[in-house]
Amino acid sequence: MSTSTISLDQLIAWLSRFRDLVTEKQSYLTELDSAIGDADHGSNMVRGMNAVVEKIGAEPATAADALLKSVGMTLVTSVGGASGPLYGTLFLRMGVNAGPVAELDAAALGAALRAGLEGVVARGKAEAGDKTMFDAIAPALDAWDAAVADGADVAAAASVALAAAEKGRDATEPLVARKGRASYLGERSAGHIDPGATSSTLLFQALVDTVSS
Amino acid sequence: MKKLINTPESVLADALAGIDAAHPELKVDHVNRVIYRAEPTRAGKVALISGGGSGHEPLHGGFVGFGMLDAACAGEVFTSPTPDQMQEATKVADSGAGVLHIVKNYTGDVMNFEMAAEMAEAETGVKVASVVVNDDVAVQDSLFTAGRRGVGLTVLLEKIVGAAAEEGQDLAAVTALAHRVNDSGRSMGMALTSCTVPAAGKPTFDLPDDMMEIGVGIHGEPGRHREKLADAASIAKQLVDPILADMDFTGSPAIVMMNGMGGTPQIELYIMYNEVAKLLKAAGVEVVRNLVGDYITSLDMAGCSVTILKADEEMLKLWDAPVNTAGLRWGV
């Protein structure tokens with residue numbers, strides 16, 4: 001069954017599915033990070049998302065903003081590295097944008113994700129083509145907005161966003177990193193997919209899994 | 001992976017418990033993973049806080065104590081600590097005279113310390129200044145990178161600036177000195193082997209037996225390039241030349257650190273120190289103080305780094321001042 005809006009329970013299911021996906025891909029994320037970073041992206045994301053799932057289970061939120069802000073704060077305080085502030089800021093800003101509502105339609109969720117991405121850019125100062133999570137999320141949200149303009153619901157928007165994120169993620173492979181630890185490698189960072197773009201794509205994968213099942 | 005650990009997940013907690021057990025002069029907040037002096041910060045003394053990923057011991061926890069840091073935040077292995085840890089460290093160490101954050105230039109560390117400073121100022125009104133150490137000449141400092149990494153100079157900076165804070169210099173003076181030290185020193189490192197992150201369970205990179213990696217950082221990240229293994233004299237030249245090409249160290253006394261990466265025996269570090277000292281003498285650099293040993297490591301990586309600091313009179317005087325920490329101790 002597809003969905004026209006996303007409820008609080010589904011947002012929670014989305015986060016829980018994201019935890020499962022980063023857990024499943026932990027070794028792969030760490031492997032990607034070993035090639036051009038410092039071999040901790042898999043374990044960091046798993047630690048952070050485990051903390052998130054535990055936190056939202058212990059303190060059930062009654063509105064989207066409270067839920068997403070709590071996710072952001074938990075990530076900031078449990079992950080460390082660059083992923084902590086970046087993913088943390090993503091969810092914090094999403095929460096602020098979403099407001100105290102019990103469900104979000106496709107346009108509202110797209111706007112919240114867009115606000116999250118703007119937070120990531122403010123914190124990490126990344127631009128398109130820097131070989132970062134931006135390169136997966138930005139095209140995904142462009143696709144999302146275009147689909148919503150054509151009348152797509154959450155499930156349909158999530159599905160085109162995932163395809164765009166995957167394309168963006170794969171397109172990071174030949175790029176020379178200009179941000180983060182991978183940038184120290186210069187030309188040698190080319191030929192590897194960016195770990196942050198890979199984990200960000202899993203966010204959209206988790207959303208598709210949640211709203212289309 | 002062969003390591004003296006209980007489980008890969010408990011490495012940091014178990015190591016902090018060990019520091020707690022070994023050092024009654026320190027306190028460890030096991031929840032927030034903050035190491036601080038048992039004796040509270042003297043009223044009017046600026047507090048120095050540093051921190052970063054674990055795996056670089058004795059940095060930073062081993063440098064908490066009289067004459068150096070007031071508190072250190074320990075992150076997971078090679079992962080920056082988080083803003084709430086830094087908040088706790090700030091709370092426990094601030095005497096009212098303000099806090100200097102000493103941050104190594106890595107994207108994660110810089111972002112987490114930035115968030116911590118924003119939170120501290122908004123919530124508690126503590127005055128926070130910071131210095132970002134970026135001394136690694138292996139990395140090009142350009143708009144197209146995250147900038148130079150913070151490596152060995154961090155140790156010398158924590159010693160010198162720690163002495164200034166101990167002397168009673170105020171936050172503005174201590175901060176200005178920290179920037180001056182950062183502007184006056186450079187480092188370059190190399191690896192003979194990769195390190196193995198406990199949670200990853202295998203070496204971060206493959207380095208064939210007959211090859212070495214030049215220009216490595218302290219996280220097992222690949223370096224500038226790799227080439228055939230050579231003798232100590234040629235390796236010393238590969239480390240010293242880029243440093244001297246980057247900055248003029250003549251005409252002023254210098255402090256030199258020959259640092260081990262964690263998996264290299266002292267005997268090899270002395271061989272390397274001798275080669276470095278000869279090269280510096282030939283280049284007209286007057287080395288007046290030195291450190292030889294493991295001070296900023298990369299887990300079990302074999303290799304070394306050289307740090308050179310152009311020291312003015314004040315820096316030398318502060319260098320010689322008493323220090324009493326687990327990792328550095330003299331004059332007491």
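No experiment lies behind these values; they were computed from the predicted model shown.
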Given heavy-atom pairs under 4.5 angstrom as the criterion, report whether the side chain, backbone, both or neither of A/Ala182 touches chain B.
neither

Pair count under 4.5 Å, heavy atoms only, with chain B: among A/Gly80, A/Gly88, A/Gly81, highest is A/Gly81

Would you say that A/Val76 contacts B/Met115 through its side chain, given a criterion of any heavy-atom pair below 4.5 Å between the two side chains?
yes

Can you tell which part of B/Phe205 gets under 4.5 Å to a heavy atom of chain A, answering side chain, backbone, both or neither?
neither

More than 12 heavy atoms of other groups within 6.0 Å of A/Glu54 CD:
no

Nearest non-hydrogen partners of B/Ala200 and A/Ala39, listed with the distance
CB-O, 4.5 Å

Please report the shortest heavy-atom distance between B/Ala146 and A/Gly180, naming the atom on each side.
CB-O, 3.7 Å

Whatever's closer than 4.5 Å to a heavy atom in chain B on A/Thr77 counts as both

Exceeds 12 heavy-atom contacts within 6.0 angstrom, atom CG of B/Asp210:
yes

To the nearest 0.5 angstrom, please state how far the OG1 atom of B/Thr107 sits from the NZ atom of A/Lys125.
10.0 Å

Given heavy-atom pairs under 4.5 angstrom as the criterion, report whether the side chain, backbone, both or neither of A/Val176 touches chain B.
neither

Any salt bridge between B/Glu213 and A/Arg188, counting N to O under 4.0 Å?
yes

NZ/B/Lys202 to OG/A/Ser27 distance, rounded to the nearest 0.5 angstrom?
7.5 Å

Heavy-atom neighbours of A/Glu173 CD exceed 12 at 6.0 Å:
yes

Is there a donor-acceptor pair under 3.5 Å between the side chain of B/Thr82 and the backbone N or O of A/Ser78?
no

Among the options A/Thr89, A/Leu185, A/Ile36, A/Asp130, pick out the one with the most heavy-atom pairs lying under 4.5 Å from chain B.
A/Leu185

Flag side-chain contact, heavy atom, 4.5 Å: A/Leu86 against B/Met111:
yes

How far does CZ of A/Arg123 sit from CG of B/Asn112, to the nearest 0.5 angstrom?
9.0 Å

Do other residues, nucleotides or ligands put more than 12 heavy atoms under 6.0 Å from the NZ atom of B/Lys3?
yes

Please output the residues of residues 8-16 of chain B in contact with chain A, using a heavy-atom cutoff of under 4.5 Å, in numerical order.
none

Max heavy-atom pairs within cutoff under 4.5 Å with chain A, candidates B/Ala138, B/Gly75, B/Gly108, goes to B/Gly108

